[in-house]
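All values derive from a computational prediction rather than experimental measurement.
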Amino acid sequence: MPILFLTILALVQGLTELLPVSSSAHLILTWEVFGRLDRPIDLGPSQELVLDIAGHVGTLMAICLYFWRDVTGMAVGGVRLLGGRRDGRSKLLLYVLASAVPAGLIGLLLQDVIADSLRLVELIAWTQIGFALLLFVADRVGTRTRKIEHLRVSDAVVVGLAQALAFIPGTSRSGITMTAGRFLGMERSDAARFSFLIAIPTVAGAGLLAAWELYKLGSAALGIDLLIILGLSFLSSLAALTVLMAWIRRQSFAVFVIYRLLLGCFLLWLVYSGTLATLTF
């Protein structure tokens, strides 16, 4: 695969996967640009899966590095649970696992339906707009004093159900879980922190699923392509995560809401004007 293409795709995936802006919409535009070249790039199934696996692993590494204290604490909490003891760290682990269950079940049951029926550019444009407005409302109403330590199991399940909505392209996994956290009264930084912690099992599961599909194809042609994508995805995801967490400690989600509204409107214009080469992604 061309190095320039790999670089751009990995950077787009890494930067937009963790920001509440939806990676799907940005990947549409990236593929559209490359699709208009004199010699469009056509990846086979195995190469697409390599991209998927490396992108997920890079994102996972970035989350684990940034939140290493929480990750280490949950590991210790897991050991304590096995020993019949329970503390705040084991409680956080249980909440993260509880939040991962709805998305995991829906992903396994509806994977083919989602891949075949929902990858429409028009749908992605409207979900960009709709969920941006929902994030705006969640960020503006109600009390905002709860921290992760104040959550209950029912709250974790609610956030997990919200995460399952991210299978609808254009929703943004981080965006919808932060929205749910804000509706539950969580502070911005804690809503974001919990959003990324529950992404660990979800992203890991998606990567393993892609790896299994690659195994079934009988392809082991990973090599330098995977390393390039993994490294760039890791660095760009870590940069996006660092900037986002620093931003929301001082500012609201308004800048992301405005950006999503503009991007959604732009995609709708591309669709209805016939500018896009295809209506599916």
Side-chain angles (χ1 to χ4, degrees), residues 17-20 56-108 135 138-139 141-166 172-209 234 237-250 253:
E17 181 70 24
L18 297 183
L19 295 177
H56 281 101
V57 172
T59 298
L60 184 63
M61 289 169 56
I63 295 173
C64 290
L65 177 61
Y66 189 90
F67 294 103
W68 67 269
R69 289 185 180 85
D70 285 316
V71 173
T72 303
M74 287 190 293
V76 173
V79 173
R80 291 182 65 85
L81 273 178
L82 292 176
R85 293 171 294 176
R86 186 170 175 177
D87 59 10
R89 294 168 295 185
S90 57
K91 188 177 177 182
L92 176 60
L93 175 62
L94 290 175
Y95 287 173
V96 167
L97 294 177
S99 294
V101 170
L105 290 176
I106 291 176
L108 289 174
L135 176 59
D139 200 36
V141 302
T143 58
R144 296 291 180 267
T145 58
R146 297 182 74 191
K147 294 183 175 295
I148 291 179
E149 293 76 13
H150 302 146
L151 292 179
R152 300 181 296 267
V153 174
S154 59
D155 297 322
V157 172
V158 167
V159 178
L161 290 171
Q163 182 173 227
L165 290 174
S172 171
R173 193 214 62 83
S174 62
I176 193 61
T177 50
M178 290 179 203
T179 298
R182 293 295 278 165
F183 272 126
L184 290 171
M186 298 180 70
E187 295 180 355
R188 289 191 185 98
S189 57
D190 276 64
R193 178 179 153 218
F194 190 63
S195 168
F196 292 125
L197 290 179
I198 68 173
I200 293 175
T202 303
V203 173
L208 288 173
L209 188 61
F234 166 72
S237 294
L238 186 60
L241 189 52
T242 303
V243 170
L244 175 63
M245 293 303 293
W247 175 268
I248 60 177
R249 289 189 186 101
R250 300 173 178 82
F253 287 107

Test L97 against V101 for side-chain contact (heavy atoms from CB on, under 4.5 Å), laying out the working first.
CA-CA 7 Å; L97 294 177; V101 170; 5.8 Å; no

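Two residues are said to be in side-chain contact when any heavy atoms from C-beta on lie closer than 4.5 Å; D139 and R188 meet this criterion. Here the side chains of F194 and Y95 are in contact, with some heavy-atom distance below 4.5 Å. Two residues are said to be in side-chain contact when any heavy atoms from C-beta on lie closer than 4.5 Å; P20 and L244 meet this criterion. Using a 4.5 Å cut-off on side-chain heavy atoms (C-beta onward), V153 and L94 make no contact. Side-chain atoms of D190 and R146, non-hydrogen and from C-beta on, never get closer than 4.5 Å to each other. Looking only at side-chain heavy atoms (C-beta outward), V96 and L92 come within less than 4.5 Å of each other. The shortest side-chain heavy-atom distance between C64 and I200 falls under the 4.5 Å cut-off. The shortest side-chain heavy-atom distance between M245 and F67 falls under the 4.5 Å cut-off.
The heavy-atom pair separating G77 from D87 by the smallest distance is CA-OD1, 4.4 Å. The heavy-atom pair separating W68 from L65 by the smallest distance is CD1-O, 3.2 Å. Shortest non-hydrogen contact noted between A162 and I176 is O-CG2, 3.3 Å. When all heavy atoms of S237 and A62 are compared, the closest pair comes out as CB-CB, 3.6 Å. Here the closest non-hydrogen pair linking P102 and S99 is CD-O, 3.4 Å. L19 approaches S174 most closely through the heavy-atom pair O-OG, 3.1 Å.
In this structure, the separation between CD1 on I63 and CZ on F234 is 11.5 Å, given to the nearest 0.5 Å. Here CG of D155 is found 5.0 Å from CG of L184. Values are rounded to the nearest 0.5 Å. If you take CG on L238 and CE on M61, they are separated by 9.5 Å, rounding to the nearest 0.5 Å. Rounding to the nearest 0.5 Å gives a distance of 15.0 Å between NZ of K91 and CE of M74. Atom NZ of K147 sits about 9.0 Å away from atom CE of M186, to the nearest 0.5 Å. Here the CZ-OG1 distance, from R173 to T202, works out to 6.0 Å after rounding to the nearest 0.5 Å.
When atom types are taken as modelled, the side chain of T72 and the backbone of R69 share no donor-acceptor pair closer than 3.5 angstrom.
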